[in-house]
Every structure is written in C-alpha cells, then in structure tokens.
Amino acid sequence: MDTRTQLTDPSPPDPAPPAAPDEPQAVRETLEDYTLRFAPRSYRRWTPMVVATTALGGIAYMADFSIGAGIAMAHGTGNALVAITTVAAALIFITGFPLAHYAARYNIDLDLITRGSGFGYYGSVLTGVIFASFTVIFFALEGAIMAQGLKLGFGLPLWLGYAVSTLMVIPLVVYGMKALSKLQVWTTPIWLLLMVGPLVYLVATDPGTVDSFLSYAGTDGEGSLNTASVLLGAGVCLSLIAQIGEQIDYLRFMPPKTEANRRSWWTALVMAGPGWVVLGAIKQAIGVFLAVHILSEVGPAAATEPIQQFRGAFDAMMPSWLVVPLAVVLVVISQIKINVTNAYSGSLAWTNSFTRVTRHYPGRMIFVLVNLAFALILMEADMFSFLNSILGFYSNCAIAWVVTVATDIGVNKYLLKLSPHAPEFRRGMLYAVNPVGVTAFTAASGLSIAMYFHAFGDTLQPYSPVAAVVIASLLTPVMAVATRGRFYLRRSDDGIPVPLLDAEGNPSAVTYDCHVCRQTFERPDLAACPAHDALVCSLCLSTDKAGDHVLPAAPPVPLSGT
C-alpha cells in the first residue's frame, strides 16, 4: 500500500454519528481534525513513519534561504554557519525534543501542552498569541517571496503580488488539514528536485564556487569568527524555534507507543519533531551558498531573495528561456505548500485563544481572514526590507516561551517532580494562571527584548537570545520551588473512575458520551459535570459561559517534590 495515501485520506474506522440539531458549532467544525482538543486513538490509524514523512513535508518554506543569506551578507559565511548550526540548530533541537515527545505521547498540540506546563488555562493565551503571530510573520515573509517571483515571471507589481499570494490560499485552507496534507505530499517530489538539482550541478561543475562560498567575509569585511556576529545571526535563526508548534500539529496523530513499534516510534518522533531543524539548517546554508554565487551579479540586497538565488542557479545549468519559469514554479510551489499551513495553523491559534477568553466560538474561517489580513498589512508595509530586525525582535518572545515549557517538562516534571507528570488541559482542572510559566516567560521575554533594543548598552545587545534562554531556563524551576507546585492543578480528580492512562502509559481509549453535544469521546477528553451527573467534553467546557459544567476547586494533592 502507498503509505502516503494512509495519511492524506484518513477515515476514522468508526465515524461519529450525525450532529444533533443543537450541537455547538465548535463541535461540528473541529471534530474531524481534533484541532482544539485531544486527538483520539480511533482517529490515529497511521504508522509512526507515515506521520513523520508527512510532518517533514511541511517545511518547504523559502524563508530559510533568505535568513541564511541575510546573515551571511552581514557577517560572512563563517559566522553565519556557526550561528545556524552550532548555536541556533542545537538549541532548537534540545528544546524541541521534550515538546515533541509530549505531543506524540499524549496526542495534544502545543497550546494544550503549554496550559499544563506552567502557564494555566488562561495564562497560555499569551503563548497562543505568540504562535499566531509566528504564522502571521512567516506568512507575510513567504508571501513577499512569492510576490517577488510573480514580479519576475509575470511583471506583477509587488503590491498586487502580495494580494494574489494572500487570496489564493483561502480556498485551500477552507478544507482543513486533510486537504493540506494531500497538497504537501504530491508537491514535495517536484519541490525537492527543483531545490537540490541546481546545488548539485553547481558544486559538480564548478568546485570553485565552494571556495568562494567559504571565504566570503560579509559586508563588514572582517570574515573572522566573532561572538557578537554569531549571536546576532543566531537570534534571527531562533525566530524559527516556534516551528515546533506546526510539527506538533502532525505529531499529535502518532499511534500509541508499544513494545512492537518502540524503535520506529522514537525514530519518527526525532525525525519529525526536533529533527526538522536539521533540514532547516541545511536550507539556510544553501541560501548562503546561492547568495554568494549570485552576489557579483545582483548585489547584496537582491542576493537574499530566493527567486534571484534560484534564477542564478538555474541559469548555470539550462537554456535561458527555461530559467525564469522554473524559478517561478519553485517559489510558487514552496509558498503554497507552507502558506496554506501558516494560514490554517494561525487560524487555529487565534480561534483557540479567542474561544477561551470569550467562551464563544465564532467559526474558524473568521480567523483565517483575520490572520491573512494581518499578514497582508505586513507585506504591504515592505516587511521583507527589514526582515532580520523583525525576526530578531520576535525570536526573544518565541525563545522565552519554548524554553519555559521545555524546562517545565524536563526539570519541573521529571527532575524536581513539582509539575504533574501527565499533561492537563481541561477547564476546571487547571488554575486560570500559573505564576511559574507566566512569570518566567514574562521576565525572560521582557528583559531580552529590552536588551535587543539597546536598553543595557550596545555591548549586550547581541546577547538578547542568550538572556532569553538563561532567564527562562533558570526562573522556571525557581518559581516552581517558590510556589511548591501549588498552582498546576486546581483539582486532581476529574470525577471519572477509569484511569486517564492505560497500562502502557498511553491515553486511555475508553469512550463516553458528552451530555452537551451528544458526541462520543475518549477518556482524556472528558470530565465529570457536577450539575448533571454526567460527562462533558473539553470543548463544551471551553464554551460553557455560565460555568455550570465546570468542576469546583478541590484541595490540591501535594506532589512528591514538595
């Protein structure tokens, strides 16, 4: 059987019954993808490697080429490669691993992980907005790259190209992740051939390009390794640390881990989780190579544009009449592949935060349009011309968030045992705000942003990403110890006698009916309803305006580390 089909056309073995006439809109629109809730075992029918393959298909974005080239143009190849591989990629891999593991093991997305890992039910709205902002920024970046391609290929003015690159994704996003995964799978072979082919040809036919690439000193002309240059470059790369959120959107569909699939399960987890950054770093290095290759022809400003990079690469290996069309095809395919995912994931992040704050679900498509409107404004404001500045600023927030959650999982849960081992995300089970994560995140992001804007002098400015990492990783366990872990769980008993996890530590597959929406859900997605002597699903809890279905607070059970 073609494994690609297994993930692109998933059909649950036991379809949910037709919706009741008064079924909440949130249930109707999210039941298929389980985007705002736990992903049930009945839906997760794919092998670990199928999940991993599909997840890696979502990192076809062209921003890596621009990011790598931009760093090299400013600081030289040596500083760029150290920033990309030794600093940024290593940190992204280390912090991404515990997040990816929790998503795959417990089948929840990054927002749900964040709720129970130091932020609380409403506290994680902060990070939801950060992730939504990530999708806006990178949609705008990828849309700007596509507009550059449309200008080169069809003569469209940039402002019109921005609008075209924004509007064309709407029909695709409407159909959700099933349509997106099909798009990713069938466009990936073409994308890989067009991306890798020119690089291999240039290296094979002109080895001198490698020497020019390695010796490029940057616009400052220094060339030698410099700590400040490396850290400034790493700060830009680290803006991609939030990409783990989009990888987790796939990893939450991993099957239960068993003795039979243990090896493939872990391999898939590493590949599709933190392993995405390996491919990302390679693409950034390729961006440096291609920018240096075309620098003498187009100049440093245009050398950071992927359309110009691949135009120059194709020009060396094929007839001139074919160069521009192929370069445009590559850019357009890449932008469609990533921007439908950016628009989709961003709409989910906005929807999730809005639903929690207002307890009302207005429909995901509204937030698709909101997300696209924000992105179009950034594009029309010529975001591409100050790319490194906006990414350097944003990376401080993203680093503070991801490092805080990763530290809570790795240190507070496993080492100090002050944070509950199993993640919790349901309303009523969590405190509204947990000072552990919120304090660590606020302090780390606030101080690092101040450093980035020279509040502590020019000397410390390049070290803002380091400050975000250090403050978040130290303050998270300090706050857990100071609060003795009291603000993680509002109550420890959800009123259901069946254990949350099965004998192998996987989420239980026992099913119950929600008395509000009358749908069937698996054990981790429900809690007891105190007012009706029944069970209610997590999404109906989120939209309960009166709070009638929410369990009352109970004295917390001290954790073993207290």
Side-chain angles (χ1 to χ4, degrees), residues 51-68 83-85 87-104 109-111 113-114 127-142 145 177 180-181 184 188 234-252 269-285 287 334-335 337-349 371 375 387 390-392 394-406 465 468-469:
V51 175
T53 301
T54 305
L56 289 175
I59 60 170
Y61 49 84
M62 304 292 280
D64 277 329
F65 300 105
S66 291
I67 290 172
I84 291 167
T85 59
V87 181
L91 181 60
I92 290 173
F93 189 95
I94 292 171
T95 56
F97 181 82
L99 275 61
H101 175 255
Y102 255 55
D109 66 18
L110 189 51
D111 178 76
I113 293 172
T114 300
T127 59
V129 172
I130 288 176
F131 183 57
S133 301
F134 169 84
T135 65
V136 169
I137 291 171
F138 280 90
F139 186 104
L141 173 56
E142 297 296 325
I145 293 172
M177 194 55 77
L180 304 191
S181 57
Q184 300 290 14
T188 294
V236 176
C237 297
L238 285 169
S239 62
L240 294 167
I241 198 169
Q243 174 64 28
I244 191 64
E246 293 191 0
Q247 300 304 114
I248 282 174
D249 280 340
Y250 291 99
L251 284 174
R252 62 200 176 97
L269 169 67
V270 174
M271 283 176 54
W276 79 264
V277 76
V278 176
L279 295 178
I282 291 173
K283 288 162 59 187
Q284 289 169 23
S334 299
Q335 303 333 297
K337 282 170 68 65
I338 186 58
N339 266 354
V340 289
T341 301
N342 277 331
Y344 178 73
S345 295
S347 70
L348 297 177
N371 212 49
L387 170 64
I390 197 169
L391 293 182
Y394 173 79
S395 68
N396 292 289
C397 297
I399 292 167
W401 165 37
V402 172
V403 171
T404 296
V405 177
V469 172

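Only this structure's heavy atoms are used, side chains among them; waters, hydrogens and symmetry mates stay out.
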Asks: What do the steps show when you test L110 against W401 for side chain to side chain contact (heavy atoms under 4.5 Å, CB included), and what is the final call?
Replies: CA-CA 11 Å; L110 189 51; W401 165 37; 3.4 Å; yes
Asks: Could you pull out all residues at least two apart from V402 that satisfy side chain to side chain contact (heavy atoms under 4.5 Å, CB included)?
Replies: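 Side chain to side chain contact (heavy atoms under 4.5 Å, CB included) check on V402 returns T95, L99, I241.
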Asks: List for me each residue that meets ring-ring contact (aromatic ring centres under 6.0 Å, His included) alongside Y394, sequence neighbours excluded, and say none if there are none.
Replies: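 Listed in chain order: nothing, the list is empty.
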Asks: What heavy-atom pair brings I248 and A103 nearest, and what distance separates the two atoms?
Replies: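 For I248 and A103, the tightest heavy-atom pair comes out as CG2-CB, 3.4 Å.
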Asks: Closest approach of M62 and E142, non-hydrogen atoms and distance?
Replies: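 Result for this residue pair: N-OE1, 3.0 Å.
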Asks: Looking at residues at least two apart in the chain, or sitting in another chain, which of them share a salt bridge (Lys or Arg N to Asp or Glu O under 4.0 Å) with D64?
Replies: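 Only K283 meet the salt bridge (Lys or Arg N to Asp or Glu O under 4.0 Å) criterion with D64.
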Asks: Tell me the closest heavy-atom pair linking N396 and P465, and the distance in Å.
Replies: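 Shortest heavy-atom separation between N396 and P465 comes out as OD1-N, 3.8 Å.
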Asks: Could you tell me how the ring of F138 sits relative to the ring of F134: parallel (under 30°), tilted (30 to 60°) or perpendicular (over 60°)?
Replies: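 Answer is tilted, since the angle falls between 30° and 60°.
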Asks: Indicate every side-chain donor-acceptor pair of residues 269-282 with a distance under 3.5 Å to a residue at least two apart or in another chain.
Replies:
none

Asks: Sequence neighbours left out, what passes side chain to side chain contact (heavy atoms under 4.5 Å, CB included) with V469? Give chain and number order.
Replies: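 Per chain and number, V469 pairs via side chain to side chain contact (heavy atoms under 4.5 Å, CB included) with L91, I399, V403.
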Asks: How long is the straight-line distance from CG of L141 back to OG of S66, given to the nearest 0.5 Å?
Replies: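 It is 6.0 Å, given to the nearest 0.5 Å.
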Asks: List the atom of A132, the atom of N371, and the distance in Å for their closest heavy-atom pair.
Replies: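 Scanning both residues, the minimum pair turns out to be O-OD1, 3.9 Å.
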Asks: Taking only residues two or more places apart in sequence, or in another chain, which ones meet A83 in a side chain to side chain contact (heavy atoms under 4.5 Å, CB included)?
Replies: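 Side chain to side chain contact (heavy atoms under 4.5 Å, CB included) check on A83 returns V230, A234.
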Asks: Given the rule in the side chain to side chain contact (heavy atoms under 4.5 Å, CB included) test, do L240 and I67 qualify, once you have shown the distances and angles that lead to the verdict?
Replies: CA-CA 10 Å; L240 294 167; I67 290 172; 3.9 Å; yes
Asks: How far apart are the closest heavy atoms of I84 and C237, and which atoms are they?
Replies: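 Heavy atoms only, the tightest pair is CG1-SG, 3.7 Å.
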Asks: Write down the atom of A398, the atom of A242, and the distance for their closest heavy-atom approach.
Replies: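 Closest pair (atom of A398, atom of A242, distance): CB-CB, 4.4 Å.
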